[in-house]
There are 4 protein chains.
Amino acid sequence: MTEARPTPRRAATEARILDAALDVFSAHGFRGATLDGIADAAGMSKPNLLYYFTTKEDMHGALLGGLMGTWLEPLEALNAAGDPIEELRAYIRRKLEMARHYPRESRLFANEIIQGAPRIEAMLSGRLHDLVAEKAQVIRCWVADHRLAPVDPVHLLFAIWATTQHYADFDVQVSAVLGADDATRFDTAQATLEALFLDGLRPRE
Amino acid sequence: MTEARPTPRRAATEARILDAALDVFSAHGFRGATLDGIADAAGMSKPNLLYYFTTKEDMHGALLGGLMGTWLEPLEALNAAGDPIEELRAYIRRKLEMARHYPRESRLFANEIIQGAPRIEAMLSGRLHDLVAEKAQVIRCWVADHRLAPVDPVHLLFAIWATTQHYADFDVQVSAVLGADDATRFDTAQATLEALFLDGLRPRE
Amino acid sequence: MTEARPTPRRAATEARILDAALDVFSAHGFRGATLDGIADAAGMSKPNLLYYFTTKEDMHGALLGGLMGTWLEPLEALNAAGDPIEELRAYIRRKLEMARHYPRESRLFANEIIQGAPRIEAMLSGRLHDLVAEKAQVIRCWVADHRLAPVDPVHLLFAIWATTQHYADFDVQVSAVLGADDATRFDTAQATLEALFLDGLRPRE
Amino acid sequence: MTEARPTPRRAATEARILDAALDVFSAHGFRGATLDGIADAAGMSKPNLLYYFTTKEDMHGALLGGLMGTWLEPLEALNAAGDPIEELRAYIRRKLEMARHYPRESRLFANEIIQGAPRIEAMLSGRLHDLVAEKAQVIRCWVADHRLAPVDPVHLLFAIWATTQHYADFDVQVSAVLGADDATRFDTAQATLEALFLDGLRPRE
DNA sequence: TATGAATGAGAATTCATTCAT
DNA sequence: GATGAATGAATTCTCATTCAT
């Protein structure tokens, strides 16, 4: 068996499948998703799905693996040479943009992690852990230089992740509370989060 | 059919079942949970489970309904007459305590909401929505009185929920980044969140 | 999980299933057999089959394991203290009786072995190999004592197995050649095999 | 549709396919064999296989039909004019040679027959039956002429088939008993079978 | 001829639920 | 109350076969 070199045709179909799979996995979790559902969403037959991805697990893995890079980009862009406040403000913005434009991807990961991350624990303890360690060091330096209030850098990152991804992962709750038609949601979120993270609740002067 | 008045015996068995169900539902989500798994965890037979709760759905509903109250308590305790900063600090603390001591409950809700809340949307738009509306008004007053920096009160609540529940819902990720044996996790989290929410990242001279 | 102690009810159902499974496996081989077919033959639903035997493989294994003993009995009964000629004559008879009365069992093993014995090779190299070694020694002594013409004892056993089981395993061919209605088949077979094995084809003076 | 006159190219490809098919069918039986497996073994694509043989059944049929002739040759060569003892000795030898050199063919037939010969019953009741009838008559004459001990000629043939094909069909069992590395297997088998068939076990003074 | 892509008809297995005791 | 037994409705995956190129 020679490794099948992806023809354009094949690549297109794979992309179509992964898009459908992302729809379904992000909405129902791995167990809740069915190949029937994905096949429907992709507009093709179930066996044909399995012609491209050997198993349901395989499809899920391809999604997770393919998206992890995208998911870490905003943090990778955090620049040690930049102004700390502006760097973090920009990071929050980028993360919020991702939650806004890629909510399915966010929920895909959230589903996985909440259920114990059986399929991506390796990635978490590897790639993610290492990137966090690197960037935490950057933040630690900023704090040491008094350019940032003293803060635990890792827990700061947790807080940024949690608050931004909240708008993707807990969308139905956000909508239930704000009303589903609140179009300004992300703008208000951005203003609020920036204000909170940078200046806090306690009135200054 | 008269509604069966619960004997103490019955209540005890129901509690045992719900505890087992909480284990399983919170770990695998509704679809991923199996009655076999719950029966195992409860140490009883599957049909006996269904003697107490007619369907799987019923069991899940009983859990969600029974826990919603507990889940909202910290917010209900937010006191308009108290000092804003201290009230919010205490609220963050209470939420973090809940994440620490009731992670299963947190994940139960998180699973449900991420997957579109098919079974609790009514509760979100009803009870939760109304409580948030009430407490948002309290916060809005505090801001108007300049006792709090200007902030959108609802998004502030989102931020508190997100950051505190993160330690329950995304536990595996937190452990992967911090190392699974970090015993100080919740203490550091509390200090970090208080500092962030109250004072922000920008150094105060 | 405590090991389920077999109630009489359970034992009866298991027996019913195994009988049906023997029908189907012996007729179609492992791969050719379907749970649908077995369920039909057993007069029960497919899932109920799997309530008793976890997998198709399990069912097949239970059959093979349960029958191996029966299958080896005739050889075990070969008595070193008896008269060689009479012992071997009796052995041929017993083997032929088994082929006559348990053709399904014979075909079950034949199917398995022809296809490389993926599921019973261990038994062949273990239990069967050891029993053959023991009985071969007996025969070897008989030859050494000039009570039997010189013969390789293991190949002799092969010949006895092959000729007797032929009437079970190759039944359709036997029927096609003899006519399906030949009721004397086994009697003639017995006479022929005894004559052949004991005296051979060459006329004695 | 005119019958495609086979070009040499076509014939070569067909032969390659049939060789692969023989591998797979003989090892797994008809149901257990997959076109994927055959395509792999033949080094070509599945659809191409079906370009040459319309269906799986067709491929199997071509094999059985094409090999039946070869399979009957040794019996056809039994010569009424020869010396009975020598003729039968030679027949046993030829059959054993076939088991030795064409074990796949032997197993192909064995698989088929054990499972009720759904695809070759016609051949068995026709060509095989007739050839056996003819040669049985020859043997019957030899017995009548006292050149052979009295024996049922058809059952004699059964015995010769069974004992010789045993070394092909039950190869794994033979190997398990003798040890897989016994290179003298066929030589010993030949000596043993000749001795048994011709002279029997009872010592001749 | 040859092959990548596609599919309908199974086939094994899972699982919530029902039945009988 | 409690449980062993039973089942229908999925659900994942396989496989012979067809289609398009």
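Each chain gets a letter, A, B and so on, in the order its sequence line appears, and its residues count up from 1.
Among E:dT1, F:dA9, E:dT13, the nucleotide with an atom closest to any side-chain atom of D:Tyr52 is E:dT1. For A:Lys56, the side-chain atoms get nearest to F:dT12 when compared with the rest of F:dA5, F:dT12, F:dT3.
Atom OH of A:Tyr102 is surrounded by 12 or fewer heavy atoms from other residues, nucleotides or ligands within 6.0 Å. No more than 12 heavy atoms of other residues, nucleotides or ligands lie within 6.0 Å of NE2 in C:His28, so this atom counts as exposed by the packing criterion.
A sub-4.0 Å separation between OP1 or OP2 of E:dA6 and a side-chain N or O of A:Arg9 is present. For A:Asn48 and E:dT7, the shortest distance from a side-chain N or O to OP1 or OP2 is below 4.0 Å. Residue A:Thr7 places at least one side-chain N or O under 4.0 Å from the OP1 or OP2 atom of E:dA5. For the pair A:Tyr51 and E:dA6, the criterion of a side-chain N or O lying under 4.0 Å from OP1 or OP2 is not met. The phosphate of F:dC15 has OP1 or OP2 within less than 4.0 Å of a side-chain N or O from C:Arg31.
Remark: F:dA6 base-pairs with E:dT17; criterion is Watson-Crick or G-U wobble with both hydrogen-bond distances under 3.5 Å. Base pairing annotation: E:dG10 forms a Watson-Crick or G-U wobble pair with F:dC13, both donor-acceptor distances under 3.5 Å.
Ring orientation note: the planes of C:Phe30 and C:Phe25 are close to parallel, at an angle under 30° on the 30°/60° scale.
For the side chain to side chain contact (heavy atoms under 4.5 Å, CB included) with A:Phe109, the qualifying choice from A:Ile114, A:Leu64, A:Asp169 is A:Leu64, the only one to do so.
The separation between B:Phe53 atom CZ and E:dA16 atom P is 16 Å, rounded to whole Å. With rounding to whole Å, B:Leu50 atom CG is found 11 Å from E:dC15 atom C1'. As a whole-Å value, the separation of A:Asp36 CG from E:dT7 C1' is 14 Å. Between the C1' atom of E:dA12 and the CE atom of C:Met59 lies a distance of 10 Å, rounded to the nearest Å. Summarising the geometry, the separation between CD1 on A:Ile38 and C1' on F:dA10 is reported as 15 Å, rounded to the nearest angstrom. Rounded to an integer number of Å, the gap from CZ of A:Arg10 to P of F:dA20 is 20 Å.
Heavy atoms of B:Ser45 sit under 4.0 angstrom from at least one base atom. Nucleic acid contact class of C:Thr55 (heavy atoms, under 4.0 Å, all strands): sugar-phosphate only. Contacts of B:Ala33 with the nucleic acid, taken as non-hydrogen atoms under 4.0 Å apart, involve only primed sugar atoms and P, OP1 or OP2.
Within the 4.5 Å cutoff, the side chain of B:Arg104 has heavy atoms near those of the B:Asp19 side chain.
Of the two residues near DNA chain F, C:Leu49 and A:Phe30, the one whose nearest nucleotide lies more 5' is C:Leu49. Both B:Lys46 and A:Met44 lie near DNA chain E, and the one whose nearest nucleotide falls closer to the 5' end is A:Met44. In this structure, A:Leu35 and B:Gly43 both approach DNA chain F, and ranking their closest nucleotides by distance from the 5' end singles out B:Gly43.
Using a distance-only test at 3.5 Å, with no hydrogens or angles considered, no donor-acceptor pair links the side chain of B:Lys46 to the main chain of B:Gly37.
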